[in-house]
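Each residue takes its place number in the sequence, starting with 1. Counting starts at 1 for both ligands and their atoms, in listed order.
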Amino acid sequence: MCGIVGAVAERNITAILLEGLKRLEYRGYDSAGVAVFTNNGTLERLRRNGKVAELEQALAGEPLVGRLGIAHTRWATHGAPCERNAHPHFSGSDLAVVHNGIIENHEALRERLKGLGYVFTSDTDTEVIAHLLDHKLKEQSDLAAALKSTVKELHGAYGLAVISAKQPDRLVAARSGSPLVIGLGLGENFLASDQLALRQVTDRFMYLEEGDIAEIRRDSVHIWDVNGQTVERETVQYRDGAEAADKGEYRHYMLKEIHEQPAVVQRTLENRLGHDHVLVQAFGPQAAELFAKVRNVQIVACGTSYHAGMVARYWLESLAGIPCQVEVASEFRYRKVVVQPDTLFVTISQSGETADTLAALRNAKELGFLGSLAICNVGISSLVRESDLTLLTQAGREIGVASTKAFTTQLVGLLLLTLSLGQVRGTLEAGVEAQLVEELRRLPTRLGEALAMDTTIEKVAELFADKHHTLFLGRGAQFPVAMEGALKLKEISYIHAEAYPAGELKHGPLALVDNDMPVVTVAPNNELLEKLKSNLQEVRARGGELVVFADEQANMSDGEGTHVINMPHIHDVLAPILYTIPLQLLSYYVAVLKGTDVDQPRNLAKSVTVE
Ligand code: HGA
């Protein structure tokens with residue numbers, strides 16, 4: 001994912017920009033660049049394909065010294081990763097732009113601007129912004145005013161930072177669908193796509209909201225909202241050391257990471273949603289062309305990521321009409337596989353270094369797949385480097401060994417993939433996609449509501465503390481959610497837990513049910529609810545104690561031996577993401593009651609880099 005850093009100060013800002021880029025490296029990128037209004041009065045840039053370290057080395061040979069500058073790490077969506085396509089992009093020699101996001105109408109704008117005599121030097125969508133802004137500046141010389149008029153013509157998602165040699169006392173910025181934050185200093189101010197990039201220079205931040213335009217000078221910040229009205233945005237002060245690797249107010253990293261889910265899901269959606277559709281290019285420059293050819297999907301992953309893949313199978317088949325197989329990597333890699341024509345090979349891994357998944361990807365290259373796509377949380381991982389396309393989840397660093405926020409962001413990534421495939425192949429109705437995009441936008445709020453049930457679930461956890469076995473039941477796409485719930489409980493509380501599709505109960509596991517075997521069920525309000533209720537009766541008839549997470553509209557209530565926890569109502573497609581939250585909280589509180597080492601459970605490692 002791209003990163004933006006900008007600064008306007010009285011000191012040389014190049015080192016600040018570079019440090020900011022380094023702090024954003026974890027998000028993944030393919031090239032980096034910087035533009036500085038130098039003390040010689042000229043706008044200069046330096047760009048490098050590859051790592052920030054290479055840009056740093058180049059700057060050591062050709063220093064750029066100045067008090068105003070912008071910098072960028074690029075993750076290509078339009079045009080190959082190479083120096084010519086790296087940001088900043090210039091129009092003429094006076095105007096520099098960095099951009100996160102996707103401009104969907106870039107082709108039409110490019111044609112128009114070519115007609116006006118502009119010469120393009122890159123294949124990016126971003127360059128049209130630089131030239132369009134330059135064109136606007138001919139009618140309206142004020143940089144912020146020209147930017148306001150420019151963004152009115154852009155469709156898609158953007159976080160933008162702009163500097164001009166003609167107005168070298170300011171940095172201007174615009175946000176729509178891609179985050180930007182202003183860092184406030186003393187006699188100097190900064191801009192970044194993530195406050196982490198600026199923590200070395202300030203602890204005071206002002207977050208831009210959707211549609212905001214900002215003009216940032218050394219000693220002032222002016223913000224206009226989407227309607228062009230001057231607005232004040234709240235200043236947030238961070239206490240020292242409130243970094244990702246800090247438990248903050250939480251007792252364990254796992255609990256902190258569970259509570260981060262609304263924010264990281266929001267981040268995973270950034271830059272990827274148009275107003276009524278998914279931005280397919282978010283998967284990379286060749287995504288649309290490749291997706292159009294896909295007739296099958298093979299997903300390969302391990303552990304929690306495998307469960308995410310199993311949920312995706314329901315989505316891919318029901319929404320995009322694409323046959324999908326899912327397999328654990330350690331099996332897939334050693335099996336003689338028959339590959340259907342035009343099959344996309346999808347891997348899922350938090351770290352991108354999972355040994356079996358990586359080996360499966362390497363084998364797959366010999367097997368005639370159409371192409372490979374990695375859904376991964378670490379941009380600089382082997383899996384990402386070796387795949388044709390990538391969707392980076394934005395979960396941030398996950399420290400708890402039992403995966404939580406990585407899983408829900410993987411699910412979001414897989415739903416974006418499903419919608420993209422359905423869109424490109426014409427198998428998903430535009431109206432359905434628009435509705436699901438709207439639901440995705442609301443998802444962080446829904447997740448927050450589920451997290452608010454924390455204390456209710458803490459109470460329910462008491463039922464499990466002295467038990468040795470538990471069953472988890474679900475139907476449809478909730479079956480893999482039940483599997484993930486069982487895995488969490490095993491991992492951190494060491495209670496034996498197994499998940500079954502609820503319909504399988506009477507084919508065996510019912511024999512185990514007695515009053516020492518609690519049964520946990522996820523029951524959204526869908527067409528399988530009535531069948532599920534019958535399965536629950538089968539459990540109750542054998543004296544099994546039931547804990548049911550049910551949609552508030554499902555009309556289920558507590559009874560003898562039955563504990564119903566009402567969940568906020570949600571669209572059925574997104575239910576697997578929401579219902580994951582209470583299951584994570586349940587295993588967490590059971591583990592706390594049992595006094596286990598929640599963040600580092602026995603015998604387990606965070607990233608399984610060995611076979
Ligand atoms: N579309 C621009 C920026 C890409 C981006 O934001 N990636 O996360 C480009 O391709 O350069």
message: Against ligand 1, does His87 come closer than 4.0 Å with any heavy atom?
response: yes
query: Mind checking whether Gly101 has a heavy atom under 4.0 Å from ligand 1?
result: yes
message: My understanding is that we take every heavy atom of each candidate and find the minimum distance to atom 2 (C) of ligand 1. Doing that for Asp125, Ile4, Thr124, Thr73, which one comes out nearest?
response: Asp125
Any N/O of [X] closer than 3.5 Å to an N/O of ligand 1?
X: Asn85; answer: no
X: Cys2; answer: yes
X: His99; answer: no

message: Need the ligand 1 atom indices (1-based, order shown) with element for anything under 4.0 Å from a heavy-atom of His78.
response: 1 (N), 10 (O)
- request: Just jot down the ligand 1 atoms closer than 4.0 angstrom to any heavy atom of Thr126, in number order.
  value: 2 (C), 11 (O)
Matching residue for Ile577 among Thr409, Leu414, Thr408 - test: side chain to side chain contact (heavy atoms under 4.5 Å, CB included): Thr408
Side chain proximity check, His277 to Gln423, heavy atoms < 4.5 angstrom: yes
- prompt: When the ring planes of His106 and His78 are compared, do they come out parallel, tilted or perpendicular, using 30° and 60° as the limits?
  reply: perpendicular
task: Would you mind checking if Arg48 and Glu83 are paired as a salt bridge, meaning a charged N to carboxylate O distance below 4.0 Å?
output: yes
task: Please name all residues satisfying side chain to side chain donor-acceptor pair (under 3.5 Å) with Ser193, sequence neighbours left out, ordered by chain then number.
output: none
Only distances under 3.5 Å count here; give the side-chain donor-acceptor pairs of residues 129-139 to other protein atoms, sequence neighbours excluded, each with its distance to 0.1 Å.
residue : atom : partner : partner atom : Å
His131  : ND1  : Ser91   : OG           : 2.8
His131  : NE2  : Val119  : O            : 3.4
His131  : NE2  : Glu127  : OE2          : 3.0
Asp134  : OD2  : Tyr118  : OH           : 2.7
Asp134  : OD2  : Lys138  : NZ           : 3.3
Lys136  : NZ   : Glu153  : OE2          : 2.5
Lys138  : NZ   : Tyr118  : OH           : 3.0

